[in-house]
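In what follows, a single structure is set out as structure tokens and then discussed.
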Amino acid sequence: MSNITISLPDGSSRELPEDSTVLDLAASIGSGLRKAAVAGAIDGREVDLGTPLHDGAQVAIITNDTDAGRHVLRHSTAHVLAQAVTLLFPGAKFTIGPAIENGFYYDFELPDGKTFSEEDLEAIEAKMREIVKENQPFVRSEHSMAEAKEIFADQPYKVEIIERVESAQEGGGAADAEDAGEVAGDGKISAYRNTDQFVDMCVGPHVPSTGKLGFFKLQRVSGAYWRGNEKGPMLQRIYGTAWESKQALNDHLHQLEEALKRDHRKLAVEQDLLSFPSELGGGLAVWHPKGAIIRKLMEDYSRFRHEQGGYEFVYTPHLADSGLFETSGHLSWYAEGMYPPMEMDNGTYYPKPMNCPMHCLIYGSRQRSYRELPLRLFELGTVYRYERAGTLHGLMRIRGFTQDDSHIYCTKEQLAEEIAALLDFVLSVLRAFGFDEFTFNLSTKDPEKYVGSDEIWDEATEALREALDAHGLEYAVKEGDAAFYGPKIDIDVRDAIGRSWQLSTIQADFQLPERFDLEYVGADNNRHRPIMLHRALMGSIERFFGVLVEHYAGAFPTWLAPVQVRVLPVAEAHGAYADEVVAQLRAAGARVDAAAADDGLGKRIRTAKMDKLPYVLVVGDDDMAAKTVGVNPRGGDVERDVPLDEFIARFTSEVADAASVAFGS
RNA sequence: GCCCAGAUAGCUCAGUCGGUAGAGCAACGCAUUCGUAAUGCGUAGGUCGUGGGUUCGAUUCCCACUCUGGGCUCCA
């Protein structure tokens with residue numbers, strides 16, 4: 001029996017007996033690797049561990065602690081879920097069940113339109129644990145289309161997938177991505193069988209047996225449309241998470257708990273920031289004083305930066321005649337996302353869903369010269385969008401919100417420079433709020449849905465691309481993701497616990513200048529069409545505020561904290577001195593209050609800590625005598641006998657430093 | 001809009017197999033005047049989300065609506 005030679009990713013090679021499998025290879029390298037292996041890759045193609053190796057193959061072992069390995073675990077766990085459901089709910093049809101970020105889901109259709117309840121999850125999870133305990137093998141097989149249809153004869157959704165793949169292949173086209181995930185590429189349908197009763201169509205790879213799984217948890221049930229089509233049948237989806245170890249699973253669950261603790265909706269109530277009274281209607285918020293002061297600081301900051309940045313401030317009303325939105329095209333493109341019209345004696349009015357049409361009116365109000373460009377109009381403009389009831393989500397998805405909105409009118413020649421300057425501007429504003437990790441997405445033309453000439457699209461896309469390159473920024477290109485009127489750059493930030501939020505956007509627009517017939521007189525004394533940029537930094541102030549609450553976990557930095565300092569007299573006798581401290585701090589510009597000695601000192605400190613105040617000052621006999629304070633900073637150690645003057649100096653310089661970072665002075 | 005779940009005191013929640021409800025915290029009062037994360041005692045507070053239906057009687061069962069949560073779809 002001859003040996004075969006295998007090369008490994010590190011460049012080394014290894015000899016193994018003929019007929020060796022990926023698993024044999026892993027075992028030959030070490031028992032730890034054998035245990036951690038969940039799949040392999042032969043010449044770049046992912047395969048099961050049981051796959052035999054050929055001479056000269058490039059082989060990598062996929063271990064369970066890598067993204068690829070977890071993907072295999074999760075996908076395999078999804079199969080176990082499907083089997084458990086078919087056992088517990090006879091007649092259930094299963095559809096697709098992919099691995100997703102952090103977990104997996106599987107979509108089912110239950111007989112007689114039955115639905116899953118939360119309680120069902122427990123029973124299903126228990127059944128899954130039995131399946132894991134039985135250590136059922138995942139046995140791969142490949143079938144012709146006809147055989148496959150036979151095997152899945154009682155699974156109409158599977159048959160539908162097979163038929164779609166079949167017709168796509170007959171038509172010479174490739175199967176779409178969704179279907180490609182379910183079948184092998186070479187015209188064969190592959191399937192993985194766990195038991196006589198349960199087999200699922202799948203490209204794989206899978207773990208060798210269900211015993212390799214076990215660190216999972218089912219999380220929730222929901223509805224989901226078949227193939228994401230609103231008109232299609234509503235299926236029942238079960239979500240779960242799965243990991244390579246108890247530790248990794250627990251870490252993930254802790255992370256979810258942490259996110260829950262930071263939930264801006266919870267913190268907004270606890271800290272009395274804002275509320276969503278049901279009397280107002282869904283998706284509409286009222287700002288309480290503590291939330292409002294933070295918002296005011298954010299808005300002041302935004303105005304300051306825009307003033308510095310060469311923007312001109314404008315104000316526009318909340319309503320406009322329907323004619324304006326016909327001109328802008330909003331009524332034909334987005335009518336279903338607008339608030340319903342108000343009929344009035346002299347016409348039909350709509351709440352504005354965007355500020356741009358009104359800014360275009362300002363631009364068009366008189367003749368413009370090239371000398372005025374770029375013209376940057378800025379407004380904290382409140383808009384109303386009819387978000388569908390089921391999509392509302394705290395401040396993150398809301399029906400009335402305020403954009404830090406600007407429309408920049410410039411010449412084609414100015415575009416690249418303007419975008420480059422915008423990128424600097426955006427990033428420096430976001431940094432002021434404690435964000436320092438960004439992701440950039442460049443969205444390009446959707447060939448099915450766009451206006452404007454190919455030439456101008458190419459030019460604008462190139463301008464965006466150049467600006468990103470010139471800043472040395474890495475970005476993902478999202479082909480076809482642009483709005484119909486022009487390409488755009490979207491900027492995501494990463495928050496304190498690693499979540500990503502899409503905040504800023506810079507969008508080119510060739511459509512509105514056309515529709516509003518906007519012009520400028522050039523140096524050549526001819527009329528030209530300007531290009532327009534839409535851009536928002538925070539995006540929606542409300543949403544940005546929500547993201548900040550979660551980013552800071554409610555502990556706002558000193559410059560933003562609604563109450564920056566609280567003074568606690570040790571006993572009633574120190575009340576007058578406490579008032580004096582308050583007065584001096586207030587005179588120095590601090591937002592400060594005092595808590596009288598009606599409650600114990602410990603109690604008042606606890607309350608202040610729960611309120612996440614940046615500074616608690618305790619004043620007693622010693623302090624009164626020496627004009628000092630005891631300083632208890634958030635997240636730091638207590639410091640006694642600090643001269644009041646010194647604390648005030650420290651405090652004001654801290655806030656000034658934050659402001660100088662923030663305000664760029 | 002669609003699927004599922006939910007709505008009880010300001011907050012967090014318990015409870016009523018149909019006979020109009022209870023705790024902790026918060027609030028208020030009294031006592032305590034205290035040096036760094038909960039002092040004690042007491043008082044008040046709820047048409048049990050809204051509207052209909054069934055019933056002698058509904059917070060409880062049924063229906064509709066509103067709002068909320070998790071998803072799907074959508075997101076200019």
Side-chain angles (χ1 to χ4, degrees), chain A residues 105 107 110 113-121 219-239 260 263 265-266 269-270 272 275-284 325 328-338 353-357 383 385-394 396-398 403 449 482-486 488 502 505 507 509 511-512 534 540 543 568-575 596-611 616-623 629-633 637-641:
Chain A
Y105 68 79
D107 285 349
L110 298 183
K114 269 195 295 207
T115 57
F116 291 121
S117 66
E118 301 283 338
E119 296 84 69
D120 291 332
L121 283 190
Q219 293 169 299
R220 50 183 165 264
V221 300
S222 76
Y225 297 110
W226 169 235
R227 291 189 183 282
N229 174 5
E230 231 181 320
K231 308 247 161 25
M234 175 61 74
L235 304 172
Q236 291 286 303
R237 175 170 299 180
I238 295 179
Y239 282 94
L260 218 58
D263 192 313
R265 293 163 302 189
K266 184 175 138 77
V269 174
E270 283 175 9
D272 197 16
S275 57
F276 295 90
S278 58
E279 295 89 334
L280 255 189
L284 298 168
F325 299 118
S328 70
H330 286 99
L331 274 175
S332 50
W333 289 90
Y334 307 112
E336 78 292 346
M338 290 169 65
M354 289 183 86
N355 303 302
C356 41
V383 298
R385 296 181 183 178
Y386 179 72
E387 302 287 358
R388 299 211 273 176
T391 65
L392 299 174
H393 180 89
M396 303 305 183
R397 194 79 181 268
I398 195 171
Q403 296 176 307
K449 190 183 166 193
F484 70 92
Y485 51 69
K488 62 171 177 176
Q502 208 252 96
T505 186
Q507 313 187 347
D509 188 344
Q511 163 88 344
L512 280 186
H534 304 245
S540 146
R543 183 176 133 90
L568 310 183
V570 171
E572 216 167 281
H574 314 118
D598 297 331
D599 281 316
L601 181 63
K603 169 70 166 293
R604 285 175 288 150
I605 288 174
R606 179 168 194 271
T607 305
K609 293 293 176 188
M610 307 264 280
D611 288 346
V616 176
L617 301 186
V618 175
V619 295
D621 286 333
D622 303 345
D623 298 297
V629 293
V631 179
N632 185 337
D637 295 328
V638 172
E639 194 182 350
R640 287 285 302 269
D641 305 320

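What's counted below: heavy atoms across the whole structure, side chains too, no hydrogens, waters or symmetry copies. So that the names make sense, note that chain A is the first sequence line, chain B the second, and so on, each numbered from 1.
A:His393 comes within 4.0 angstrom of sugar-phosphate atoms only, judged by non-hydrogen atoms across all strands, and of no base. Within 4.0 Å of A:Pro353, counting heavy atoms only, lies at least one base atom of the nucleic acid. Across all strands, A:Phe276 comes closer than 4.0 Å to no nucleic acid atom at all (heavy-atom distances). Within 4.0 Å (heavy atoms only), A:Ala224 reaches sugar-phosphate atoms of the nucleic acid but no base atom. At the heavy-atom level, A:Thr115 lies under 4.0 Å from the strands shown only through sugar-phosphate atoms. In this structure, A:Gln507 reaches the sugar-phosphate backbone alone: every heavy-atom distance under 4.0 Å involves primed, P, OP1 or OP2 atoms, never a base. Across all strands, A:Gly282 comes closer than 4.0 Å only to sugar-phosphate atoms, never to a base (heavy-atom distances). Across all strands shown, A:Gln236 has heavy atoms under 4.0 Å from sugar-phosphate atoms exclusively, and none from any base. Within the nucleic acid shown, A:Tyr485 comes within 4.0 Å of sugar-phosphate atoms alone, with no base atom in reach, counting heavy atoms only. Within 4.0 Å (heavy atoms only), A:Lys603 reaches sugar-phosphate atoms of the nucleic acid but no base atom. Residue contacts shown for A:Gly486 are absent, as no nucleic acid heavy atom lies under 4.0 Å away. Here A:Arg640 lies in heavy-atom contact (under 4.0 Å) with a base. Residue A:Gly337 is in base contact, counting any heavy-atom pair closer than 4.0 Å across all strands shown. Counting non-hydrogen atoms under 4.0 angstrom, A:Gly232 reaches nothing in the nucleic acid.
Between B:rC74 and B:rU55, the distance separating the two C1' atoms is 45 Å to the nearest Å. B:rU60 and B:rA7: their P atoms are spaced 11 Å apart (whole Å). B:rA38 sits 24 Å from B:rA31 when the P atoms are compared, rounded to a whole Å. If you take atom P in B:rU32 and the same atom in B:rU36, they sit 22 Å apart, rounded to whole Å. Nucleotides B:rA76 and B:rA5 have their P atoms positioned 32 Å apart, rounded to a whole Å. Separation of the C1' atoms belonging to B:rG10 and B:rC48 is 16 Å when rounded to the nearest angstrom. With P as the reference atom, B:rG46 and B:rC11 are 14 Å apart, rounded to whole Å. Rounded to a whole angstrom, the distance from the C1' atom of B:rG49 to that of B:rA9 is 14 Å.
Remark: B:rG57 base-pairs with no nucleotide; criterion is Watson-Crick or G-U wobble with both hydrogen-bond distances under 3.5 Å. With a 3.5 Å ceiling on both atom-pair distances, the Watson-Crick or G-U wobble partner of B:rA31 is B:rU39. Across all strands shown, B:rG46 forms no Watson-Crick or G-U wobble pair with both key distances under 3.5 Å. B:rC72: Watson-Crick or G-U partner is B:rG1, with both key distances under 3.5 Å. Pairing for B:rA14 is absent, judged as Watson-Crick or G-U wobble with the two contacts each under 3.5 Å.
Side-chain contact between A:Lys266 and A:Leu260 is absent, with no heavy atoms from C-beta onward closer than 4.5 Å. Between A:Ser540 and A:Arg397 there is no side-chain heavy-atom pair separated by less than 4.5 Å. Contact check for A:Tyr334 versus A:Met354: no side-chain heavy atoms found under the 4.5 Å cut-off. A:Phe116 is listed as a side-chain neighbour of A:Leu110, based on a closest heavy-atom distance under 4.5 Å. Counting heavy atoms from C-beta outward, A:Arg640 and A:Asp622 have side chains that approach closer than 4.5 Å.
With values rounded to the nearest 0.5 angstrom, A:Met396 atom CE is found 8.0 Å from A:Asp263 atom CG.
In terms of phosphate contacts, A:Lys266 brings no side-chain nitrogen or oxygen within less than 4.0 Å of OP1 or OP2 of B:rU68. Checking the phosphate oxygens (OP1, OP2) of B:rG71, a side-chain nitrogen or oxygen of A:Arg220 falls inside 4.0 Å. The side chain of A:Tyr239 contributes an N or O atom lying less than 4.0 Å from OP1 or OP2 of B:rC72.
Remark: A:Glu230 engages A:Arg388 in a salt bridge, criterion side-chain N to carboxylate O under 4.0 Å.
In the displayed structure, A:Asn229 atom CG is contacted under 6.0 Å by more than 12 heavy atoms of other residues, nucleotides or ligands.
Between the side chain of A:Arg543 and the main chain of A:Ile398, no donor-acceptor pair closer than 3.5 Å is present.
Nearest heavy-atom pair, A:Val570 versus A:Ala597, reported as atom, atom and distance to 0.1 Å: O-CB, 3.9 Å.
Between A:Val638 and A:His330, the residue anchored closer to the 5' end of RNA chain B is A:Val638, taking for each the nucleotide with the nearest heavy atom. Residue A:Leu392 is the one, among A:Asn229 and A:Leu392, whose nearest nucleotide of RNA chain B lies closer to the 5' end (criterion: closest heavy atom).
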Polar pairs (N or O, both sides) under 3.5 Å between protein and nucleotides 45-49 of chain B?
none

